[in-house]
Each structure stands twice: as structure tokens, then as C-alpha cells.
Amino acid sequence: MFTIRKATTDDCALIHRMAGQVFPETYKRIISGEQIAFMMEWMYSIESLRRQMQAEGHVYLLAYQGEEPAGYVSVQPEGGDLFHLQKIYVLPRFQGTRCGSFLFREAIKYIKSVHPAPCRMELNVNRHNKALHFYEHMGMKKVREGDFPIGNGFYMNDYIMGIEC
């Protein structure tokens with residue numbers, strides 16, 4: 001049903017467009033419009049996406065249904081045996097089609113391909129995000145929580161969840 005491919009910096013504009021469709025919709029009832037705008041620029045400007053890929057080690061994987069982009073996931077090594085699932089979003093039209101589960105499994109598959117030894121994947125999820133149940137369903141457990149300053153007086157109020165890979 002879905003295929004996957006590793007994104008390149010040539011895909012930054014595509015990821016930016018997809019984020020514009022899904023990120024504000026995901027967070028509109030959780031954080032302020034001002035914080036959404038700040039985070040969109042901070043995480044999803046084309047310059048930020050390029051820096052993430054070229055300098056920060058983020059690997060983006062793009063899910064497609066046929067020729068149509070359906071969602072994306074981003075993982076980043078954090079040193080040693082730890083990886084961070086930075087982003088996982090499914091476009092509204094593909095929500096409920098198991099694309100999120102597909103992307104999650106592809107992220108783990110990618111991590112195992114670059115780090116065959118046992119390791120851990122963690123992610124941050126807003127404490128009020130309904131995706132929390134998705135991550136628990138995928139086998140992740142809450143390991144800690146925190147309020148993380150991100151700039152301009154904004155915070156990410158998150159659970160950190162983990163799973164062994």
C-alpha cells in the first residue's frame with residue numbers, strides 16, 4: 001500500500017509543504033497559533049530542514065501511496081546506542097490508513113540498518129497530543145517528562161517515550 005524513500009535536501013520544499021498541511025492541524029487545540037508559527041519556522045523552514053539533514057544528522061523518510069506523498073518520519077542519532085524519532089506526521093487525507101504505523105516501522109528498520117546492535121529509540125510527544133496512544137500501541141513506554149524551552153518564551157511540555165530496537 002505504501003512505499004518509502006529516503007529524502008534528500010532536494011525534498012526540503014516537499015517536506016515544508018507537507019508540514020504546513022499537518023503540523024498546524026495537529027497542534028491547533030494544544031498550543032497557541034503564535035507558538036505554531038514559531039515552531040513551523042524553527043523546524044520546517046527550508047533552511048532549517050536543510051541544516052537538519054546536512055549538519056545535524058536527521059534522516060527523513062517519505063511515505064508514498066503510488067506517486068502521492070502521504071507522510072514523513074525523521075530520525076536522528078544521539079550518540080552511542082540512542083536514536084531520536086524527531087518527527088512523524090501523516091497528511092490528513094491518509095490518517096486512519098495505517099500510514100503512521102508504516103512510518104514508525106520504517107524508522108525502526110532504518111535504525112537497525114545503520115546500527116544492528118541493540119539500541120533505543122526515544123521521542124518527545126506533547127502531553128496533550130492524542131498521538132500518545134498511538135506510540136503506546138506501537139510499544140513505546142513513558143520514561144520521563146519535562147518542560148523544554150524552545151525560544152521566544154515557548155515551551156514543549158512533553159513526555160519522553162522509549163522503545164528498544
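Here, residue 1 is the first one in the sequence, and each next residue gets the next number.
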Trace of the side-chain contact (heavy atoms from CB on, under 4.5 Å) decision for Asp158 with Val125 = CA-CA 5 Å; Asp158 291 347; Val125 61; 5.9 Å; no
Run Val59 and Val114 through side-chain contact (heavy atoms from CB on, under 4.5 Å) and show every step you take. CA-CA 11 Å; Val59 172; Val114 298; over 6 Å; no
Please assess Met161 against Leu132 for the test side-chain contact (heavy atoms from CB on, under 4.5 Å), listing each intermediate value before the final yes or no. CA-CA 9 Å; Met161 302 185 77; Leu132 174 64; 3.5 Å; yes
- Message: Show, in sequence, the C-alpha distance, side-chain angles and deciding distance for Asn152 and Gln35, and conclude whether the side-chain contact (heavy atoms from CB on, under 4.5 Å) test is met.
- Response: CA-CA 9 Å; Asn152 278 18; Gln35 185 168 348; over 6 Å; no
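By the 4.5 Å heavy-atom criterion applied to side chains, Tyr27 and Asn126 are counted as neighbours. At a threshold of 4.5 Å between non-hydrogen side-chain atoms, the residues Tyr60 and Ile15 count as touching. Under the 4.5 Å side-chain criterion, counting only non-hydrogen atoms from C-beta, Cys99 is in contact with Leu103. Between Leu123 and Ile160, every side-chain heavy-atom pair lies at or beyond the 4.5 Å cut-off.
The shortest heavy-atom contact between Asn129 and Ala131 is OD1-N, 2.8 Å. Across every non-hydrogen atom of Ile88 and Gly100, the tightest pair is CD1-O, 3.6 Å. For Ala107 against Val75, the heavy-atom pair with the smallest separation is CB-CG1, 3.8 Å. Closest approach of Met18 and Leu91 over heavy atoms only: O-CD2, 3.6 Å. What you find for Ala19 and Pro24 is that their closest heavy atoms are O-CD, 3.3 Å. Here the closest heavy-atom approach between residue Met1 and residue Thr97 is recorded as SD-O, 3.8 Å.
Every residue was checked against the ring pair (Phe, Tyr, Trp, His ring centres under 6.0 Å) condition with His128, not counting sequence neighbours, and none meets it. Not counting sequence neighbours, the partners of Phe154 by the ring pair (Phe, Tyr, Trp, His ring centres under 6.0 Å) test are Phe38. Residues passing the side-chain hydrogen bond (donor to acceptor under 3.5 Å, both in side chains) test with Ser74, sequence neighbours excluded: His58. Under the ring pair (Phe, Tyr, Trp, His ring centres under 6.0 Å) criterion, Phe2 pairs with Phe102, not counting sequence neighbours. In terms of the side chain to side chain contact (heavy atoms under 4.5 Å, CB included) criterion, residue partners of Glu145 (sequence neighbours excluded) are, by chain and number, Arg127, Tyr159. Partners of Tyr64 under the side chain to side chain contact (heavy atoms under 4.5 Å, CB included) rule, at least two apart in sequence or in another chain, are Thr3, Arg5, Leu14, Leu62, Pro69. Under the salt bridge (charged side-chain N to carboxylate O under 4.0 Å, His left out) criterion, Lys130 pairs with no residue at all, not counting sequence neighbours. The side-chain hydrogen bond (donor to acceptor under 3.5 Å, both in side chains) check on Arg17 picks up nothing, with sequence neighbours excluded. With sequence neighbours excluded, no residue forms a side-chain hydrogen bond (donor to acceptor under 3.5 Å, both in side chains) with Asp10. The side chain to side chain contact (heavy atoms under 4.5 Å, CB included) search around Gln95 returns Val22, Val90, not counting sequence neighbours. Remark: Met138 pairs with Ser101, Phe104, Arg105, Phe134 by the side chain to side chain contact (heavy atoms under 4.5 Å, CB included) rule, at least two apart or across chains.
One finds the CZ atom of Arg51 at 6.5 Å from the OG atom of Ser45 (value rounded to the nearest 0.5 Å). Rounding to the nearest 0.5 Å places SG of Cys165 at 8.0 Å from CZ of Phe83. Here the CD atom belonging to Gln76 is positioned 4.5 Å from the CD atom belonging to Gln86, to the nearest 0.5 angstrom. Interatomic distance, Leu85 CG to Met121 CE, rounded to the nearest 0.5 Å: 4.5 Å. His16 NE2 to Phe23 CZ: the interatomic distance, rounded to the nearest 0.5 Å, is 13.0 Å.
A salt bridge is absent between Glu136 and Lys141; no separation between the charged side-chain nitrogens and carboxylate oxygens falls under 4.0 Å.
Tyr135 and Leu82 fall into different hydrophobic clusters, defined by Ile, Leu, Val, Met, Phe, Trp and Tyr side-chain heavy atoms under 4.5 Å apart, directly or through other members. Side-chain heavy atoms closer than 4.5 Å link hydrophobic residues (I, L, V, M, F, W, Y) into clusters, and following such links, possibly through other members, connects Trp42 to Leu49. In the hydrophobic cluster analysis, where Ile, Leu, Val, Met, Phe, Trp and Tyr join through side-chain heavy atoms closer than 4.5 angstrom, Met43 is grouped apart from Ile46.
Residues in residues 106-121 take part in these side-chain hydrogen bond (donor to acceptor under 3.5 Å, both in side chains) pairs, two or more places apart or across chains: Asp81-His115, Glu106-Lys109, Arg120-Glu122, Arg120-Glu164.
By the 6.0 Å and 45° rule, Lys87 stacks over the aromatic ring of Tyr44.
The residue from Met53, Gln52, Gln54 that alone fulfils the side-chain contact (heavy atoms from CB on, under 4.5 Å) condition with Glu56 is Gln52.
The number of heavy-atom neighbours closer than 6.0 Å to OH of Tyr155, taken from other residues, nucleotides and ligands shown, is 12 or below.
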